[in-house]
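This report refers to the structure that appears directly beneath it.
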Amino acid sequence: MAPCSLLLFLLSFSAHIAFLCAVTDPHDGDHFIFYSSFLYLVLLSLCFQSFAAAALQSLKDSWQNTPPSWGKSDDPCQAWEGVTCNSSRVTALGLSTMGLKGKLSGDIGGLTELRSLDLSFNRDLTGSLSPRLGDLEKLNILILAGCGFTGNIPDQLGNLSELSFLALNSNNFTGRIPPSLGKLSKLYWLDLADNQLVGTIPVSTPNSPGLDLLLKAKHFHFNKNKLSGTIPPTLFSSEMVLIHVLFDGNQFTGSIPSTLGLVQTLEVLRLDRNALSGDVPSNLNNLTNINELNLAHNNLTGPLPDLASMNTINYVDLSNNSFDPTEAPVWFSTLSSLTTLVIEHGSLQGPIPEKLFSFPQIQQVKLRNNAFNGTLNLGDSIGTQLQLVDLQNNQISSITLGSGYTNTLILIGNPVCTTAISNTNFCEIQQQNTKPYSTSLANCGSKSCPIDQKLSPQSCECAYPYEGTLYFRGPMFRELSNVNTFHSLEMSLWVKLGLTPGSVFLENPFFNVDDYLQMQLALFPSGGEYFNRSEVLRIGFDLSNQTYKPPPEFGPYYFIASPYTFPASHGTSVSTGVIIAVATGAGVLVLGLLGVGIYAIRQKKRAEKAIGLSKPFASWAPSGKDSGGAPQLKGARWFSYDELKKCTNNFSESNELGYGGYGKVKNIQILPEEFHELLFATARITFMSCPLQENKCWFMNLWPTEHFEKAYPVSLTYAEGVTWRSGIHLDWKRRLRIALGSARAKQPIEKGKYVVREVRTIMDKKDDEHYGLTELMDRSIRSSGNLLGFGKYLELALQCVEDSAADRPTMSEVVKAIETILQNDGMNTNSTTSASSSATDFGASKGSLRHPYADALPKKDVNANESDAFDYSGGYTISARVEPK
């Protein structure tokens, strides 16, 4: 800093000299002024860089647990993790989840070029915020969520005119919301939740700004504070574009302002857990885009609000208020988008409309402690997703179950429970036996990890995951028994956070006392035991900055990370013992290099041998020529890097089809001369493996062939290619016979957890012909008329991919089920080998034509010592182990 001051002084002195030169000799003065001005600008830029470096060095000195790279260089722009520079100027500082300890000193104000500051999830960053944060006039993003800051929010934050994202949630801030925040005209995200803020919400006056001026804001998150007073009517206007207004968990009084009805962009409105009173404004019915409305736990009076125009609403909670006694409103029978209706401790009376129970998305109806009476009739068309009907403590005298509702119905405290049904489950306290959802670790067996590590569901290896708690503030659902809901969340996390498929672990989702959906999240590294610091910084920023967007049904969220355990780091000082060890190691290294050379020669020979083994055929036919016989396989086919590059058009992203259980699925183009070889290698594996394995027999039996077209002169599809050499068309019955033969071979059935999800989603049992899978089926199968036992086979397939082993059938049960399907059509299923049934069926159409897989290699002897061999096509031996790369 001192050299910069001296240089600026000398340059100022030079300016005076230039002025004198201009007076005595104008020509010389012009030259001197030009060169001195240029030098002044260069040195001034260098000085600003020096100021930024000094500011960061000061912050480093005041913090503990800074990244180790901060101690290896004096230039922050060279190697400091979390520091981003542009032309040697610090533009971003991101240190999320680094375990920092200390205070945020005033030196932060020296980073005048800063655009983004993210210090989230450092719980040991404490003390008050420096007013010098207001000097960062170019700041666009400020994230201090999940820290331990205290004191008032500085008024100077209102000087950050470029700010668009402000997250101060989950700290210990006190005092009032600064009116100066109303000057942040570009702000779209304002999160002050989960603090100790008091007072009223500031709105503008002729002499002061207010939050009503934030016309670009989409998020007002003020929940879980101690805010009080009335909600100002002038806070809202028709010019606003708010989508989330979260004021729950405060101490607001007075009435709900009718101006809320002007903000027609609203999707989530939570005013619950306050002390609001008076009537609910009738113009709230204008909020036609709203998904969640929660007004519970207030002192609201007057008529029950009319919600008839909210035709996209999913969740309604009007519990624990003092509305006028009334019968069920008309919208009980018209809001077909409802998933959850909660009006507990109310004054509703009369019958409950049976239409309410037939909505296609309805999951829970909770109307306990009202005055409903008469007969409860659930109707004959109960919604398929309905899991809970809680009508405790009403005046219901009789019940008509209609089509036989079998899920949870609670009638304790009703007169009907004093009659003949008093001993039924409806009139008893029902224990919820369903375990909370947890990502399956069934594939990992009984493996366990040390107490500070966890088992990765993707690799079944112990690792140090990035962990924390996810809070969803306004989900559109309340039923937690649908595992597909959480599967979609898992997939969105690993896709949008750039992680390995299957590397997300969710545990124990539940609704907490704030009515937020809370669950534990663990993200696992793709390789090794740890994430590196750059990966942790990236993931932390994506979750704190809302870069990650969950599936829409989960609504607004926030995340609080747990401290991350990095590998133990050591100091940079080198002891004498280390120097001796290095010298000794150098000598050993020379000897090691000689050994490596010898080893490399041996490995080259082994590689040449492995390449020979990698070819999928010992010969195309027994004669060694392409004579029309079956190929003779000798090992699993693998591809070199150059082959993959060629087949995928240099790994073009346009080849992507989606995601499978083991990563991305891509379409590849096979050259003509390679087509017959790869085609029949794949076909053999398909037929000899279990017909329900993902990406194998599944598509052979059901999947459309157009997804597997290959580059071949006659434009053969996959299924047509299989019949091309053998002359046999694989119709539905032959595929069933193949499935039967494969099941008899007792090959293990893989779970296929990700492949069948789409089939489960669109499957429709009401479609007697194709179960709703018409568009997904092989065209040749779809158009072949009546499909023998298709529905039963599909149900069997879905049973075979259940998560729990206890829910999956044994192989003998699979064989029996397929035999039953075939026998129902009068076909003989007697067989002594795993392939005979399909061989017989093939032979029936071609006379002397041999079964294309009849020329089997010698069977291997199965014993425990051969566990290193690849279990290939029902028990054929290969001479070397080929590992995936």
Do Arg89 side-chain atoms and Glu113 backbone N/O form a donor-acceptor pair below 3.5 Å? no

For Pro131, give me all partners under side-chain contact (heavy atoms from CB on, under 4.5 Å), at least two apart in sequence or on another chain. Gln156

Is there a side chain to side chain contact (heavy atoms under 4.5 Å, CB included) between Gln196 and Lys226? Walk through the geometry before answering. CA-CA 6 Å; Gln196 303 295 319; Lys226 296 180 179 179; 3.0 Å; yes

Summary of side chain to side chain donor-acceptor pair (under 3.5 Å) pairs that have at least one residue in residues 248-265, sequence neighbours excluded: Asp248-Tyr516

Backbone of Gly99 reached by a side-chain donor or acceptor of Asn65 within 3.5 Å: yes

Ignoring hydrogens, what is the shortest heavy-atom contact between Leu56 and Pro76? Give both atom names and the distance. CD1-CB, 3.5 Å

Over all heavy atoms of both residues, which pair between Leu348 and Asn370 is shortest? Give the atoms and the distance, please. N-OD1, 3.0 Å

Donor-acceptor contact below 3.5 Å, side chain Asn171 vs main chain Leu144: yes

Among all residues two or more places apart in sequence or in another chain, which pass the ring-ring contact (aromatic ring centres under 6.0 Å, His included) test with Phe236? none

Is any side-chain heavy atom of Phe541 closer than 4.5 Å to one of Ile141? yes

Carboxylate-amine/guanidinium contact Lys183 Asp155, below 4.0 Å: no

Test side-chain hydrogen bond (donor to acceptor under 3.5 Å, both in side chains) applied to Asp61 - qualifying residues, sequence neighbours left out: Gln57

Tightest non-hydrogen contact, residues Ile560 and Phe121, listed as CA-CE2, 4.0 Å

Given Ser237 and Met240, is the side chain to side chain contact (heavy atoms under 4.5 Å, CB included) satisfied, shown in steps? CA-CA 6 Å; Ser237 69; Met240 304 188 90; 3.5 Å; yes

Determine, step by step, whether Tyr564 and Tyr464 satisfy the ring-ring contact (aromatic ring centres under 6.0 Å, His included) criterion, reporting the C-alpha distance in whole Å, the side-chain angles of both residues, the deciding distance to 0.1 Å, and the verdict. CA-CA 8 Å; Tyr564 190 73; Tyr464 293 89; 7.5 Å; no

Can you check whether Phe531 and Phe524 have ring centres sitting under 6.0 Å from each other? no

Residues two or more places apart in sequence or in another chain: which of them pass ring-ring contact (aromatic ring centres under 6.0 Å, His included) with His219? Trp189, His221, His244

Is the shortest heavy-atom distance from the side chain of Phe252 to the side chain of Thr230 under 4.5 Å? no

Give a yes-or-no answer on whether the side chains of Tyr315 and Thr339 include a donor-acceptor pair shorter than 3.5 Å. no

CG on Leu300 to CZ on Phe323, rounded to 0.5 Å: 4.5 Å

Within a strict 4.5 Å, meaning less than it, do heavy atoms of the Trp80 and Lys60 side chains meet? yes

Return each pair, listed once, that meets side chain to side chain donor-acceptor pair (under 3.5 Å) where at least one residue sits in residues 300-314; pairs must be two or more places apart or across chains. Asn285-Ser309

Give the C-alpha distance, both sets of side-chain angles, the deciding distance and a yes or no for side chain to side chain contact (heavy atoms under 4.5 Å, CB included) between Leu266 and Val245. CA-CA 8 Å; Leu266 267 182; Val245 172; 3.5 Å; yes

Are the side chains of Leu388 and Val365 in contact, using a 4.5 Å heavy-atom criterion? no

Flag for Ser277-Asn299: side-chain donor and acceptor within less than 3.5 Å: no

So, for Phe477 and Phe554, is the gap between ring centers shorter than 6.0 Å? yes

Contact list for residues 140-153, test side chain to side chain donor-acceptor pair (under 3.5 Å), sequence neighbours left out: Asn140-Ser164

Check side-chain hydrogen bond (donor to acceptor under 3.5 Å, both in side chains) between Thr200 and all other residues, then give those that pass, not counting sequence neighbours. none

Under the side-chain contact (heavy atoms from CB on, under 4.5 Å) rule, collect the residues that match up with Pro509, sequence neighbours excluded. Pro436, Tyr437, Phe486, Leu517, Met519

Using only atom types and a distance under 3.5 Å, with no angle test, would you say the side chain of Gln546 pairs donor to acceptor with the backbone of Tyr557? yes

Does a donor on one side chain sit under 3.5 Å from an acceptor on the other, for Glu490 and Thr439? yes

With distance as the sole test, does Asn532 use its side chain to make a donor-acceptor pair with the main-chain N or O of Glu535 at under 3.5 Å? yes

Once ring-ring contact (aromatic ring centres under 6.0 Å, His included) is applied, do any residues pair with Phe149, and if so which ones, sequence neighbours excluded? none

Distance (rounded to the nearest 0.5 Å) between Ser319 OG and Arg368 CZ: 10.0 Å

Checking Asp272 side chain against His297 main chain: does a donor-acceptor pair fall under 3.5 Å? no

Heavy-atom side-chain proximity of Asp191 to Phe165 below 4.5 angstrom: no

Look at the side chain of Asn298 and the backbone N and O of Leu276, then say whether any donor-acceptor pair between them is shorter than 3.5 Å. yes

Can a donor-acceptor pair be found between the side chains of Thr469 and Gln518 at a distance below 3.5 Å? no

Apply side chain to side chain contact (heavy atoms under 4.5 Å, CB included) to Asp317 and Ile343, showing your working. CA-CA 6 Å; Asp317 192 346; Ile343 307 179; over 6 Å; no

Please identify each residue that fulfils side-chain hydrogen bond (donor to acceptor under 3.5 Å, both in side chains) with Glu479, with sequence neighbours left out. Gln364, Ser481

Check whether Arg273 reaches the backbone of Gly249 with its side chain - one donor and one acceptor, N or O, closer than 3.5 Å. no

Residues in side-chain hydrogen bond (donor to acceptor under 3.5 Å, both in side chains) with Glu553, at least two apart? none

Assess, by modelled atom type and distance only, whether the side chains of Asp194 and Tyr471 contain a donor and an acceptor separated by less than 3.5 Å. no

Leu284 side chain reached by Ser282 side chain, heavy atoms, under 4.5 Å: no

Are any of the side-chain nitrogens in Asp515 or Arg478 under 4.0 Å away from the carboxylate oxygens of its partner? yes

Shortest non-hydrogen contact from Gly158 toward Leu184: O-CD2, 3.8 Å

Side chain proximity check, Asp514 to Arg473, heavy atoms < 4.5 angstrom: no

Residue pair Ser120 / Asp118: nearest heavy atoms and the distance that separates them: OG-OD1, 2.8 Å

Nearest heavy atoms of Ala193 and Asn225, plus distance in Å: CA-ND2, 3.8 Å

Do Leu295 and Val316 have side chains that approach each other closer than 4.5 Å (heavy atoms only, starting at C-beta)? no

I'd like to know if the side chain of Asn294 reaches the main chain of Arg270, judged simply by a donor and an acceptor atom lying under 3.5 Å from each other, with no hydrogens or angles considered. no

Is the backbone of Ser204 close enough, under 3.5 Å, to the side chain of Ser208 for a donor and an acceptor to pair up by distance? no

Going by atom types alone, do Asn545 and Thr547 pair a side-chain donor with an acceptor below 3.5 Å? yes

